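The block underneath contains the structure these notes are about, expressed in structure tokens.
When a residue number appears, it is its place in the shown sequence, counting from 1. Only a predicted model underlies this, so the values are computations on that prediction, with no experimental measurement involved.
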Amino acid sequence: MPTLDWIGKDKVINHHMDVPYRVLDPQYEYGDADGNMIIHGDNLSALKSLLPQYEGKIRCIYIDPPYNTGNEGWVYNDNVNDPRIRKWLGEVVGSEGEDLSRHDKWLCMMYPRLKLLHKLLAEDGVIFISIDDNELFNLKIICDEIFGANCFVARLTWQNNYTIRNDSKGIPYDTDNILVYSKLPKWNSNRLERTAEMDARYVNYDNDILPYKVTPIHAPSASTHRGMVYAIQHPITGDLMYPPKGRCWKDGQDKLLATLCEWAPYELKVIDDASIREDICGGEVSNDIPAIMLACDLDTARKIATERYNTTPWPKYFFLSKGKGSIQSKTYLDQNKGKVVSTLWKYDEVGTNVEATNEQKILLSGTGGFDTPKPTRLIERVIKIATDKDSIVLDSFAGSGTTAHAVLNMNKQDGGNRKFILIEMMDYADSITAERVKRVIDGYGDGKKAVEGTGGGFTFYELGEMLLDGEYLNENVPLDKIRSYVYFTETKQAVTDKADEPYFLGEYFDTAYYFYYDKNEVTTLDREFLHTVKTTAQSYVIYADRCILSDEELEKFHITFKKIPRDITRM
């Protein structure tokens, strides 16, 4: 598979593994938080901090990263010249970072973040990435590398504008791109709601119990299904009907015979029509394929079939033109079978940049805003096709908080319990991102433009202390955060607390895990500690500051000793 190389790639390709793990420090709760999170801080560190609780659990990720247009007039700098990113490039890539082109800088910024997003994505999860043409093809190549080319789902085209200025130069843009990748190959989206236009294609000519669509009973591939090419005698006209050239009957002959017998008596009969069938199939056919022929004289068949036509509803296969036309099939309307998602997302279905700007003016009046926000309807479409009612949705370039707005709207519409996690690096994470979400929860606007609140809530976090400070365990980190981290690195599971075993972390695949730690004193794995172990397991992993048990004793009791902090895994 082709890969993309750029200046600095060797420094960032595995950088996600070197990012120090920082705990999340809750600042306040708003409303009924119920697991919803808004995190202020560098999204690289924040994504790493989510791993112990959320690795492999995020069903849907939507991100709207900087497009790298070179435009510096936005609320956030779009050409990756933000001082924080430049500082990070200097520290990670080194002095050569000063010489990188803006495309190299953008790729250095995106690569490790995409690696962590891939880790967080659930097996049935999918990521949507908004991007314009500046970095589209670079992004496609690195996503093929990180997610796998076989996990590429689609390049969506969003019609983000419906008017073109008459003084536009060249070929003006009125669309944007959304790249879609799944965690595993062959991901299928949820279907969209049926539309009135779709339902209008269904008819009911004969008072059937459900509307239906009139569909032909033939299908392609006559050359490979020559046994399904034969004559059917019409019960009223007596004409011999064949599938069109290159096509064959789509149902088995036994099924067709049984249905046609509802119109008149029929039988299977070999007739001399090989030349006609060979023309349809484009090659030699067998002479012993029977036709479906009337089993009575035509006058009798015509009388029976006409009487059947006047008796409704008709069978599944019926004849057009008052019973004298071609044979057709009923495909009944299934209200549960929604609209298939296509790659073209039209402005009237998901909104435009203008709609998003107008929405933002009402929502964020007095707080500032963004020049190119995304409409809430666009993100609602993403959520509809990629989540169920209990999914977790992550946006690590949160901006004004449109993703949380969309999640709250969807929950209100269908009674769902989806959770959102937003990450925003800039200082407006509280004043704009969180503020918008508060207004959505409580309701906003006035008069005719008033919008009822969705309810819900969130917890606002700052990035906290590093868990491991160089070679040492940071004793300022709360013990529950340390325990969660250690157990996650061992098992990818959540800690199991036991009141009578304070050092017990949990049991996983017949191995019990203990973290014997006290920041005020040195802990020792000895026989005295073993007497406090109450969980029976086939083997044990025990962390402590030191161990005085002999190798023979460790082997006897099936214990693996791990020294704090030396043996704590760095994610």
Side-chain angles (χ1 to χ4, degrees), residues 16-17 19-26 29 32-39 45-61 116-125 183 387-394 396 417-423 457-461 463-468 473-474 477-519 533-544 560 562 564-565 567-571:
H16 64 286
M17 300 174 66
V19 176
Y21 175 81
R22 308 176 77 99
V23 298
L24 296 174
D25 187 8
E29 282 193 7
D32 180 13
D34 195 27
N36 293 322
M37 307 170 71
I38 299 178
I39 304 168
S45 295
L47 290 171
K48 189 70 169 276
S49 298
L50 291 172
L51 287 176
Q53 188 173 356
Y54 293 103
E55 182 171 357
K57 295 182 180 178
I58 305 297
R59 180 75 174 275
C60 175
I61 297 172
L116 289 174
L117 289 168
H118 180 259
K119 283 180 171 290
L120 288 162
L121 203 58
E123 289 195 350
D124 58 351
K183 185 65 171 280
T387 73
D388 58 30
K389 292 185 178 182
D390 295 308
S391 297
I392 304 171
V393 181
L394 169 64
S396 57
N417 191 36
R418 300 172 188 84
K419 314 295 183 191
F420 63 78
I421 302 174
L422 305 188
I423 304 171
F458 62 88
T459 303
F460 188 87
Y461 295 85
L463 281 177
E465 304 243 13
M466 291 187 295
L467 185 136
L468 293 164
L473 187 61
N474 187 347
V477 174
L479 179 58
D480 64 319
K481 302 290 187 184
I482 300 173
R483 285 165 51 82
S484 294
Y485 175 91
V486 170
Y487 192 54
F488 174 79
T489 60
E490 290 280 1
T491 66
K492 300 293 191 291
Q493 305 297 310
V495 165
T496 302
D497 289 315
K498 282 188 176 182
D500 60 342
E501 284 194 283
Y503 303 111
F504 178 74
L505 296 177
E507 187 176 354
Y508 189 67
F509 281 103
D510 294 320
T511 299
Y513 294 83
Y514 287 82
F515 188 66
Y516 184 25
Y517 169 75
D518 188 328
K519 70 177 182 179
V533 173
K534 298 180 180 180
T535 299
T536 302
Q538 291 184 8
S539 60
Y540 299 84
V541 173
I542 301 176
Y543 286 81
T560 299
K562 293 197 174 184
I564 301 172
D567 294 329
I568 294 178
T569 301
R570 283 151 173 80
M571 282 195 295

Plane angle bin for Y540 and Y514 - parallel if under 30°, tilted between 30 and 60°, otherwise perpendicular: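 Tilted: the ring planes of Y514 and Y540 meet at 30° to 60°.
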
Can you label the angle between the Y503 ring and the Y516 ring as parallel, tilted or perpendicular, going by 30° and 60°?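 Because their plane-to-plane angle is over 60°, the rings of Y503 and Y516 count as perpendicular.
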
Hey, what do you get for [atom1] ([X]) to [atom2] ([Y]), rounding to the nearest 0.5 Å?
X	Y	atom1	atom2	result
L120	I421	CG	CD1	8.0 Å
I58	I392	CD1	CD1	4.5 Å
I568	T489	CD1	OG1	7.5 Å
K492	Q53	NZ	CD	15.0 Å
E55	L47	CD	CG	12.0 Å
L116	S396	CG	OG	9.5 Å

Hydrogens and angles aside, do E490 and Y543 bring a side-chain donor and acceptor to less than 3.5 Å of each other?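 Yes.
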
Return yes if a side-chain donor-acceptor contact under 3.5 Å exists between T535 and E507, otherwise no.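 Absent: no donor and acceptor within the cut-off.
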
For residues [X] and [Y], report the shortest heavy-atom separation together with the two atoms involved.
X	Y	value
R418	N36	O-OD1, 4.1 Å
L467	V477	CA-CG2, 3.9 Å
M466	N474	O-ND2, 2.8 Å
M37	Y461	CE-CE1, 3.6 Å
G35	Y54	O-OH, 4.2 Å
R570	P565	NH1-O, 4.1 Å

Report yes if some heavy atom in the side chain of [X] is under 4.5 Å from a heavy atom in the side chain of [Y]; otherwise report no.
X	Y	result
L468	P20	no
L505	T491	no
T511	T560	no
I482	V23	no
L117	L394	yes
I38	T459	no
S49	L463	yes

Using side-chain hydrogen bond (donor to acceptor under 3.5 Å, both in side chains) as the criterion, list what pairs up with [X], not counting sequence neighbours.
X	value
D34	K419
S484	none
Y487	none

Does F515 have its ring centroid less than 6.0 Å away from the ring centroid of Y517?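 Centroid separation for F515 and Y517: below 6.0 Å.
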
Assess whether a salt bridge exists between E465 and K481, defined as any Lys/Arg side-chain N lying under 4.0 Å from an Asp/Glu carboxylate O.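 Between K481 and E465 there is no salt bridge, as every charged N stays at least 4.0 Å from the carboxylate O atoms.
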
Test: R59 and D124 ion pair at under 4.0 Å: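 Yes.
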
Around atom NZ of K498, are there more than 12 heavy atoms from other residues, nucleotides or ligands closer than 6.0 Å?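 Atom NZ in K498 is crowded, with more than 12 foreign heavy atoms closer than 6.0 Å.
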
